[in-house]
Amino acid sequence: MNLLIPAVLCVVLVLAQFVYPQTTWFHHGSYAALLMALIAIQWWQLRRRRHDVLAVCGATLIGIAGLASSLFGPETQTIVAGPGQAVPLSEPSGVLQFPVSQPPTAPALRRPGRADVTIALGGRRTFLANYVLWTQSRTAAYIEAFDARGAHLTLTQPQSTNASFLSPILLFGETKTFENQKLAVDSFSLPAVHRNVNAVLFPSDAIAKMQKLSSDPRPGILFAVSGEGGRTLPRGIGLARSGDTIALAGVRLRPVIEDFPTVVIASAPYLPVTALGLLLFAVGRFKNRFRWRT
């Protein structure tokens with residue numbers, strides 16, 4: 001077997017962690033075993049091709065970086081939070097600050113004694129020393145509520161659905177099946193008027209099927225308003241499109257539906273070691289090719 005084959009395979013498998021960091025196989029024992037086998041094969045073949053020692057050292061460094069990420073790096077995690085919320089992180093160490101502005105701007109990772117790291121929107125990757133961060137869009141809804149006289153009402157949410165108790169943002173962390181469709185659901189309360197509200201998020205295509213209309217592209221929310229006893233109140237069910245106001249059971253509700261970023265954090269091979277390994281591997285291959293030509 002050509003020594004170049006296991007070396008290149010080792011390099012490709014490790015660099016794949018940067019391209020597809022969310023792949024669960026990278027934290028599986030079979031992946032680590034394959035990397036160790038490729039490293040061992042290179043050093044076994046090096047007995048007959050000692051001029052390739054620099055390239056093998058480079059590929060081995062890259063393999064070790066990949067092994068460390070596979071065996072000791074944390075599993076991929078998705079951080080979901082509301083506007084303006086700060087989420088403490090242990091790996092990587094810091095505080096993840098979510099945007100307040102509408103429309104949302106990019107979240108930022110704040111680390112003591114270091115410059116803030118902005119996590120770009122649109123799925124572009126942000127690389128730290130041994131982590132990859134990127135954003136994913138999820139649908140959220142900003143809810144405005146008013147009583148019958150037009151006075152603004154404060155929303156509260158259960159801690160199980162939103163870590164910010166007084167947040168007017170519904171993050172729709174659960175799904176339920178309605179007429180063979182999985183739809184996102186959430187809930188909130190209006191303590192001043194003793195109302196509880198369940199909310200079901202309807203994408204525009206789901207509304208089109210339900211109402212036999214397709215001209216309005218806006219998504220909507222089906223609200224069900226209940227009293228303190230849990231029973232749905234008379235005239236307490238209705239669908240409001242994003243930006244529209246609906247009157248239900250003595251309250252008026254106005255949802256604004258838009259995308260809001262979540263942050264995905266995955267472990268990756270340590271960048272300085274990986275870069276050094278690539279440099280050694282490239283120099284070793286260049287010197288070897290030049291030797292054969294001369």
Side-chain angles (χ1 to χ4, degrees), residues 17-24 26-27 65-66 68-144 154-175 184-189 199 201 255-275:
Q17 292 192 44
F18 293 102
V19 182
Y20 307 103
Q22 70 274 25
T23 304
T24 56
F26 294 145
H27 294 281
S69 173
S70 173
L71 297 175
F72 306 113
E75 297 286 342
T76 301
Q77 54 180 327
T78 301
I79 311 298
V80 180
Q85 189 173 346
V87 180
L89 300 176
S90 56
E91 294 184 273
S93 178
V95 175
L96 193 59
Q97 180 67 55
F98 282 82
V100 180
S101 59
Q102 302 290 333
T105 55
L109 176 63
R110 295 178 175 174
R111 300 176 294 172
R114 299 183 183 181
D116 292 351
V117 177
T118 300
I119 305 166
L121 299 174
R124 289 178 294 170
R125 307 292 171 84
T126 300
F127 295 93
L128 299 181
N130 52 339
Y131 294 96
V132 183
L133 300 90
W134 68 97
T135 61
Q136 291 180 340
S137 292
R138 63 177 292 143
T139 302
Y142 178 84
I143 307 295
E144 289 185 291
T154 299
L155 278 69
T156 63
Q157 295 186 53
Q159 292 287 346
S160 59
T161 61
N162 192 322
S164 181
F165 179 67
L166 294 176
S167 174
I169 303 292
L170 301 185
L171 297 176
F172 298 102
E174 299 180 0
T175 59
V185 299
D186 210 328
S187 64
F188 59 92
S189 298
L201 177 65
V256 176
I257 302 169
E258 60 184 18
D259 289 336
F260 191 78
T262 62
V263 176
V264 184
I265 304 174
S267 60
Y270 190 54
L271 268 175
V273 173
T274 305

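Just so we're clear, the structure is a prediction, and the values are computed from it rather than from any experiment.
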Shortest non-hydrogen contact from S70 to F26? OG-O, 2.6 Å
Hey, can you pull the donor-acceptor pairs under 3.5 Å for the side chains in residues 107-130, sequence neighbours left out?
from	atom 1	to	atom 2	distance (Å)
R125	NH1	F18	O	3.4
R125	NH1	V19	O	3.2

Is the shortest heavy-atom distance from the side chain of H27 to the side chain of S267 under 4.5 Å? yes
Could you tell me whether the side chain of D186 and the main chain of A199 form a donor-acceptor pair under 3.5 Å? no
How far does CD of Q157 sit from OG of S189, to the nearest 0.5 angstrom? 9.0 Å
Hydrogens and angles aside, do Q17 and S69 bring a side-chain donor and acceptor to less than 3.5 Å of each other? yes
Look at atom OH of Y270 and say whether more than 12 heavy atoms of other residues, nucleotides or ligands are closer to it than 6.0 Å. no
If you compare all heavy atoms of T76 against all heavy atoms of P21, which two are closest, and at what distance to 0.1 Å? OG1-O, 3.6 Å
Would you give the length of the straight line joining atom CH2 of W134 to atom CD1 of I265, rounded to the nearest 0.5 angstrom? 9.5 Å
Just to verify, which of V264, L89, T135 counts as forming a side-chain contact (heavy atoms from CB on, under 4.5 Å) with I79? L89
Enter the distance from F172:CZ to R138:CZ here, rounded to the nearest 0.5 Å. 9.5 Å
Measure the spacing between CG of L171 and OG1 of T262 and express it to the nearest 0.5 Å. 10.0 Å
List in chain and number order the residues that pass side chain to side chain donor-acceptor pair (under 3.5 Å) with Q77, two or more places apart in sequence or in another chain; answer none if no residue qualifies. none
